[in-house]
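In what follows, a single structure is set out as structure tokens and then discussed.
The sequence lines fix the lettering, A, B, ..., with proteins before strands; numbering per chain opens at 1.
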Amino acid sequence: MRKNPYQPVEADVEEIIAESPVIKTFALRPREEIPFATGQFIELSVDGIGEAPFTPSSDPNNKERIEITAMNVGSVTAGLHEIKKGQAVGIRGPYGKGYPLNEFKGKNILIVGGGVGLAPLRSLIFALLSQVNDYKKIYLRYGAKTPGDIIYKDQFSHWQEHIDIELSVDKGDSGWKGRVGVVTMLLENFKEDLNNTVSIVCGPPVMMKFATLKLRELGFPPENIYLSMEKNMSCGLGKCGHCRVGKYYVCKDGPVFNYAQLQGIPDIWD
Amino acid sequence: MRTLFLNTKDLPDFLNNLSKEYSVYVPSKIKGKGLPCDFGFKLPTHDYLWEKLSAVKKEDLAFNDYRSIESLRAFFTRSKEKLVLSDNENKIAVFGVKACDLFCLKIQDFVFSGGEIKDPFYERRRASALLISGDCLSFKEACFCLALEINPYPGEGFDLNFSVLENGFVVDVGSDKGEEAIKASAALFAPATSQALAQREEKRNALARNLSGHLERHKIPSKDVLQEIVKAGYESDIWQAEAEKCVECGACNFVCGTCHCFLLAEDRFGNAHERVRLWDCCSYANFARVAGGANPLKLRYQRVRNRYLKKFDFFPENFAISACAGCGRCIEACPAKIDIRSVLRKLNEEKSLSAR
Ligand SMILES: Cc1cc2nc3c(=O)[nH]c(=O)nc-3n(C[C@H](O)[C@H](O)[C@H](O)COP(=O)(O)OP(=O)(O)OC[C@H]3O[C@@H](n4cnc5c(N)ncnc54)[C@H](O)[C@@H]3O)c2cc1C
Ligand code: SF4
Ligand code: SF4
Ligand code: FES
């Protein structure tokens with residue numbers, strides 16, 4: 001255990017992949033091992049600017065190299081997007097509880113992602129595929145604003161061998177042959193034994209809200225719907241008080257919750 | 001627990017002996033703004049501030065009647081500090097801690113020394129600090145500890161506790177650290193007589209009687225219903241009405257001994273950047289804002305309400321006690337005169353009205 005939990009470990013930026021005009025994936029090699037479980041998050045710091053929470057998007061089985069897929073939306077992420085290969089960032093973590101893979105065993109898995117929300121889900125997909133026989137059927141339903149906003153494009157064909165994938169965009173372009181509309185549309189005719197299926201949702205708050213409502217409408221029991229909550233975070237340790245939702249701290253008790261835990265708390269989607 | 005007796009005239013010597021090992025802080029009396037009592041009670045309005053023993057003149061050395069203005073937590077997490085562990089931190093001894101202060105410290109302990117990951121900055125200071133508490137001799141208009149079933153005299157959580165009698169103090173030794181601390185002054189202490197203990201009992205009861213007489217008029221709902229009324233009042237108009245007065249200064253958060261929220265930031269020191277921790281405040285508009293501008297506590301009334309939910313719902317759920325000691329500091333500090341006692345009372349009234 002590190003003596004000072006606020007002190008990050010330095011990590012060298014090994015590779016930078018442009019995923020979309022505003023999203024980049026950073027492959028980091030921490031100077032001390034930071035083993036994480038899929039769904040856990042880290043605090044990433046950019047020198048002189050500050051920290052922000054991210055869920056690694058890489059395979060948790062790879063302990064030397066952690067990938068972070070970050071959208072440029074504000075001060076820390078803008079600083080991060082300026083970073084060049086060979087520079088260093090700081091990492092603290094991992095924090096929180098990851099996806100409860102044990103509870104997914106033997107079940108169908110419906111993954112629902114929106115925008116950059118596919119980042120943590122990619123890590124989950126890697127984890128699932130590394131033990132693909134433990135699960136029944138795996139589905140991925142993913143929506144992005146435009147075809148240009150779809151991330152990890154080159155990986156879908158590989159995943160398709162094991163995963164039933166459908167994509168949609170809010171707004172198509174001339175080259176787009178797929179479906180157009182919000183991602184909940186892709187859930188419309190989902191047919192599986194719902195008592196033996198878990199759904200894992202990650203995306204912008206509005207998308208998570210409507211996806212959850214849709215899944216409930218389809219008949220998913222609340223405890224089979226897993227959500228990644230995004231709240232303001234500072235410490236990641238359950239101390240700074242920023243990420244409270246009802247009786248939970250998202251950083252410590254989450255960031256993954258099942259809907260049965262959250263259901264009774266007012267205004268969770270705000 | 002050992003109970004001893006110390007003559008009034010020997011207090012300065014005892015504190016001086018302590019200062020060989022500790023940086024000793026004592027309450028110094030200052031003129032207070034003081035709130036007049038709504039019900040015409042004549043209550044003291046002076047205040048206390050903790051100061052270094054060395055800065056207080058011998059004749060000004062006072063046993064404080066009640067709690068000081070600032071809360072104890074400032075000794076354990078600074079309002080702003082660099083997060084660099086140092087091995088030569090001062091050991092502190094704080095004299096004049098009150099029952100409400102000790103209650104608040106339970107919350108700080110839960111936050112910073114609890115959970116899987118401990119805060120080493122807090123833990124070190126807390127482990128080395130000597131807490132010398134004392135019975136209250138009177139109370140301020142804003143004090144309402146007893147309404148929350150916290151007695152105005154400490155029963156636990158101290159290293160030493162002082163109860164004032166005519167000519168000296170009954171001293172409870174509450175910990176090994178307390179035992180250690182009186183060793184160098186062993187000659188000054190005598191065993192407490194049963195007479196002294198009886199006198200103390202009488203004084204304690206008299207104060208509790210006076211305080212509950214004062215509190216009766218405020219109609220503060222009982223401790224057992226607080227969580228329920230704060231939750232039931234989620235949609236109440238009370239929050240909106242209080243929020244209209246709030247100026248978002250953050251005073252209520254910063255003076256509160258159970259408030260603990262903080263923000264990690266990078267600060268520039270010369271050419272280097274260092275990690276700092278700042279006390280944060282849920283009354284501020286950006287407290288819960290996330291990237292992209294979404295903010296679950298966007299409106300001021302949501303933030304006012306959040307403060308109550310945190311204290312009376314979150315903490316009972318996670319730690320089985322509410323995070324309010326009834327010290328009344330937030331009542332005195334609020335320029336908008338938002339009064340936690342009346343907020344709780346109104347919530348309770350609304351709840352019982354709606355139940356009819
Ligand atoms: C568990 C978790 C996992 C996440 N995973 C990912 C991911 O994989 N990929 C991804 O792209 N995004 C992810 N996010 C979102 C990401 O953390 C945010 O996009 C990021 O915090 C934005 O930081 P910023 O500084 O660029 O934005 P800003 O808008 O500048 O700031 C973001 C936050 O910091 C606070 N803040 C900034 N400055 C101050 C200040 N001066 N005072 C007070 N508060 C301030 C704001 O209130 C705001 O909450 C995740 C979020 C969480 C909670
Ligand atoms: S909420 Fe007010 S009365 Fe309660 S402990 Fe904090 S400052 Fe004291
Ligand atoms: S002290 Fe009063 S005005 Fe200031 S933030 Fe607290 S409630 Fe609002
Ligand atoms: S991020 Fe600090 S308590 Fe959750």
inquiry  = With a 3.5 Å distance limit and no angle check, can you tell me whether Lys239(A) reaches the backbone of His260(B) through a side-chain donor-acceptor pair?
reply    = no
message = Can a donor-acceptor pair be found, under 3.5 Å and without considering hydrogens, that links the side chain of Asn232(A) to the backbone of Val290(B)?
response = no
remark   = Rounding to 0.5 Å, atoms CG (Leu263(B)) and SG (Cys235(A)) come to a distance of 10.5 Å
request  = Write down the atom of Tyr249(A), the atom of Lys310(B), and the distance for their closest heavy-atom approach.
outcome  = OH-NZ, 3.0 Å
message = Taking NZ in Lys97(A) as the centre, count heavy atoms belonging to other residues, nucleotides or ligands within less than 6.0 Å. Is the count above 12?
response = yes
query = Who in residues 258-270 of chain A is close to chain B, using a strict under-4.5 Å heavy-atom cut-off?
reply = Pro266(A), Asp267(A), Asp270(A)
query = When rounded to the nearest 0.5 angstrom, what is the spacing between NZ in Lys252(A) and CD1 in Ile117(B)?
reply = 11.0 Å
Heavy-atom pair count under 4.5 Å with chain A, highest-scoring of Phe121(B), Phe262(B), Tyr234(B) = Phe262(B)
query = What residues of residues 311-318 of chain B sit under 4.5 Å from chain A when you count only heavy atoms?
reply = Phe314(B), Glu317(B), Asn318(B)
task = State whether the number of non-hydrogen atoms from other residues, nucleotides or ligands found under 6.0 Å of Lys85(A) atom NZ is greater than 12.
result = no
remark   = Okay, Tyr95(A) and chain B: the region with an atom under 4.5 Å from a heavy atom over there is side chain
message = As an exercise: rank Glu235(B), Arg277(B), Glu266(B), Lys231(B) by heavy-atom pairs under 4.5 Å with chain A and give me the winner.
response = Glu266(B)
task = Any chance you could measure Leu278(B), atom CG, to Cys240(A), atom SG, to the nearest 0.5 Å?
result = 12.0 Å
task = Output all residues satisfying side-chain hydrogen bond (donor to acceptor under 3.5 Å, both in side chains) with Asn306(B), sequence neighbours left out; order by chain, then residue number.
result = Arg244(A)
note = On a heavy-atom basis, the closest approach of Pro5(A) and Pro120(B) is CD-CD, 3.3 Å
task = Carefully, step by step, assess Glu116(B) and Leu237(A) under the rule side-chain contact (heavy atoms from CB on, under 4.5 Å).
result = CA-CA 8 Å; Glu116(B) 270 167 50; Leu237(A) 312 169; over 6 Å; no
query = Would a distance-only check, ignoring hydrogens and angles, find a side-chain to backbone donor-acceptor pair under 3.5 Å from His242(A) to Phe287(B)?
reply = yes
query = In terms of heavy-atom contacts, does NZ of Lys63(A) have more than 12 from other residues, nucleotides or ligands at under 6.0 Å?
reply = yes
ask   = With Lys223(B), which residues qualify under salt bridge (charged side-chain N to carboxylate O under 4.0 Å, His left out), at least two apart?
value = Glu149(B)
task = Looking only at non-hydrogen atoms, find the nearest pair between Arg275(B) and Pro8(A) and report the distance.
result = NH1-CD, 3.6 Å
ask   = Does the side chain of Gln7(A) come within less than 4.5 Å of Leu85(B)'s, by heavy atoms?
value = no
